[in-house]
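The next block holds one structure in the form of structure tokens; read it before the comments.
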Amino acid sequence: MNWSNLLTLHNLSNVLDILVVWILIYELFMLLKGTRSIQLLRGIVILVIAKVLSWYLGLTMTSWILDQIINWGVIGCIVIFQPEIRRGLEKLGQRSVFKQSQQANARTEKLIHSLDGAIQYLSKRRIGALIALQMKTGLEEWIEKGIQLDADVSSELLINIFIPNTPLHDGAVIIKDDRIAAANAYLPPSDSNLIPRELGTRHRAAVGLSEVTDAITIVVSEETGEVSLTQNNELLRGMSQEDYLKYLRSQLLTPNTKKTWHGEVHDFFSKVMGGGK
């Protein structure tokens, strides 16, 4: 095999072209993941496949109709995908990976602080609460069935939502992208026999959600004030303030690559200067 014939500028540009297209497709799917727009995207793919088949089979009328749908559909897509397009352009306009990481961690720390304030208040007064934090798996199915809010997360708002005998206190609060996406949402209860009998519907709903998604769910018991967390079909009971804060930070905060690299360099020189001790 003659590698010099393969490693030409033309071939390398073709490989780069393919990689760029795949990256754009991947980013598009990541942007739409967990939203209703992914269903529309699937519909567009089906239309394109139908167009190719109708052209190949010589179905003139069908091909003409699909042409009209696709031509006018471009304008429709711009309208339908407007939120996703705006979000994508905002991401492109952000300055650097490290800046993004720092800004994301600052928002997450604020979220954790708000959650902590609400949890402490509700736990001490034995007010029941159920809070689900969306991770990688979308929670649109349950957000759409609840009362949609799209509100900033604050301790005061979370406390007011779960105060007994208020319109939104029953059901769960779902937090997505550091915002309260919905309240009064009903999560899928678990049928597992491993859940202790003394635990009620909130705990079963939290475990049920952890069985079908990777969401973190926080439960405050109205009987005991006990704080529990569920994730990946695991129930963590009787968590202290230190325990749940450590867990939330480990799962939600983005590792700072820049700091990690500096830390490794520092450790290396410390070992060298210290004689490898």
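Index from 1, following the sequence. For clarity, every value in this text was computed on a predicted model and none was experimentally measured.
Partners of D178 by side chain to side chain donor-acceptor pair (under 3.5 Å), not counting sequence neighbours: none found. Contacts of I49 classified as side chain to side chain contact (heavy atoms under 4.5 Å, CB included), with partners at least two apart in sequence or in another chain: V45, L53. R125 is linked by a side chain to side chain contact (heavy atoms under 4.5 Å, CB included) to Y121, I127, counting only residues two or more places apart in sequence or in another chain. With sequence neighbours excluded, no residue forms a side chain to side chain donor-acceptor pair (under 3.5 Å) with N233. Residues meeting the side chain to side chain contact (heavy atoms under 4.5 Å, CB included) test with S240, sequence neighbours left out: E242, D243. Applying the side chain to side chain donor-acceptor pair (under 3.5 Å) criterion to S154, with sequence neighbours excluded, gives no partner residue. Evaluation of the side chain to side chain donor-acceptor pair (under 3.5 Å) rule for D116 yields Q241, Y244 as partners, not counting sequence neighbours. Residues passing the side chain to side chain contact (heavy atoms under 4.5 Å, CB included) test with Q68, sequence neighbours excluded: W64, W72.
Closest of all the heavy-atom pairs between S155 and A118 is OG-N, 3.7 Å. A132 approaches L209 most closely through the heavy-atom pair CB-CD2, 3.7 Å. Here the closest non-hydrogen pair linking V219 and L130 is CG2-CD1, 3.7 Å. Here the closest heavy-atom approach between residue Q148 and residue I143 is recorded as CG-O, 3.6 Å. Between A206 and T217, the closest heavy-atom pair is CB-CG2, 3.6 Å. Taking each heavy atom of S228 and L235 in turn, the nearest pair found is CB-CD1, 4.1 Å.
Side chain of S190 to main chain of G208: no donor-acceptor pair is present (N/O by atom type, distance under 3.5 Å, no hydrogens or angles). Checking side-chain atoms of Q134 against main-chain N and O of L139 turns up a donor-acceptor pair under 3.5 Å. Checking side-chain atoms of T224 against main-chain N and O of S221 turns up no donor-acceptor pair under 3.5 Å. Panel note: side chain R249, backbone E109; no donor-acceptor pair is recorded below 3.5 Å. When atom types are taken as modelled, the side chain of S123 and the backbone of G225 share a donor-acceptor pair closer than 3.5 angstrom.
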- Task: Go through T166 and N160 one step at a time and tell me if the side chain to side chain contact (heavy atoms under 4.5 Å, CB included) criterion holds.
- Result: CA-CA 8 Å; T166 55; N160 279 326; over 6 Å; no
- Could you go through the side chain to side chain contact (heavy atoms under 4.5 Å, CB included) check for L122 and L158 one step at a time? CA-CA 9 Å; L122 298 168; L158 289 171; 5.7 Å; no
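Between the CD atom in Q251 and the CG atom in N232 there is a gap of 8.0 Å [rounded to 0.5 Å]. Expressed to the nearest 0.5 Å, how far CG of L252 lies from CD1 of I112 amounts to 5.0 Å. The structure places CD1 of I174 at 10.5 Å from NZ of K145, a figure rounded to the nearest 0.5 Å. Rounding to the nearest 0.5 angstrom, the gap separating the CG atom in D191 from the CG atom in N193 is 8.5 Å. A distance of 4.5 Å separates CG in L111 from CG in L115, rounded to the nearest 0.5 Å. Note that CG of L248 is 14.0 Å distant from NE2 of H113, once rounded to the nearest 0.5 Å.
Transitive grouping of hydrophobic side chains (ILVMFWY, heavy atoms separated by less than 4.5 Å) keeps W142 and I161 in distinct clusters. When the side chains of ILVMFWY residues are joined at heavy-atom separations under 4.5 Å, either directly or via intervening members, I195 and V220 end up in two distinct hydrophobic clusters. There is no path of hydrophobic side-chain contacts, each under 4.5 Å, that joins L236 to L199. Hydrophobic clustering (ILVMFWY, side-chain heavy atoms < 4.5 Å, transitive): I147 and V153 are in one cluster. Both L149 and I131 are part of a single hydrophobic cluster, where members link through side-chain heavy atoms under 4.5 Å apart.
Put simply, the side chain of Y247 reaches to within 4.5 Å of the side chain of I216, judged on heavy atoms. Counting heavy atoms from C-beta on, the side chains of V207 and L194 never come closer than 4.5 Å. Counting only heavy atoms from C-beta outward, the side chains of M135 and T213 never approach each other to under 4.5 Å.
Counting only residues at least two apart or on different chains, no salt bridge (Lys or Arg N to Asp or Glu O under 4.0 Å) pair has a member in residues 207-218. Pairs engaging residues 192-202 under the salt bridge (Lys or Arg N to Asp or Glu O under 4.0 Å) rule: E198-R237, R202-E222 [sequence neighbours left out]. Listed by first then second residue, pairs satisfying side-chain hydrogen bond (donor to acceptor under 3.5 Å, both in side chains) with a partner in residues 46-55 read K51-S63, K51-D67, not counting sequence neighbours.
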Scan the side chains in residues 181-188 for donor-acceptor partners under 3.5 Å anywhere in the protein, sequence neighbours excluded, and list what turns up.
from	atom 1	to	atom 2	distance (Å)
N184	ND2	D170	O	2.6
Y186	OH	D170	OD2	3.2

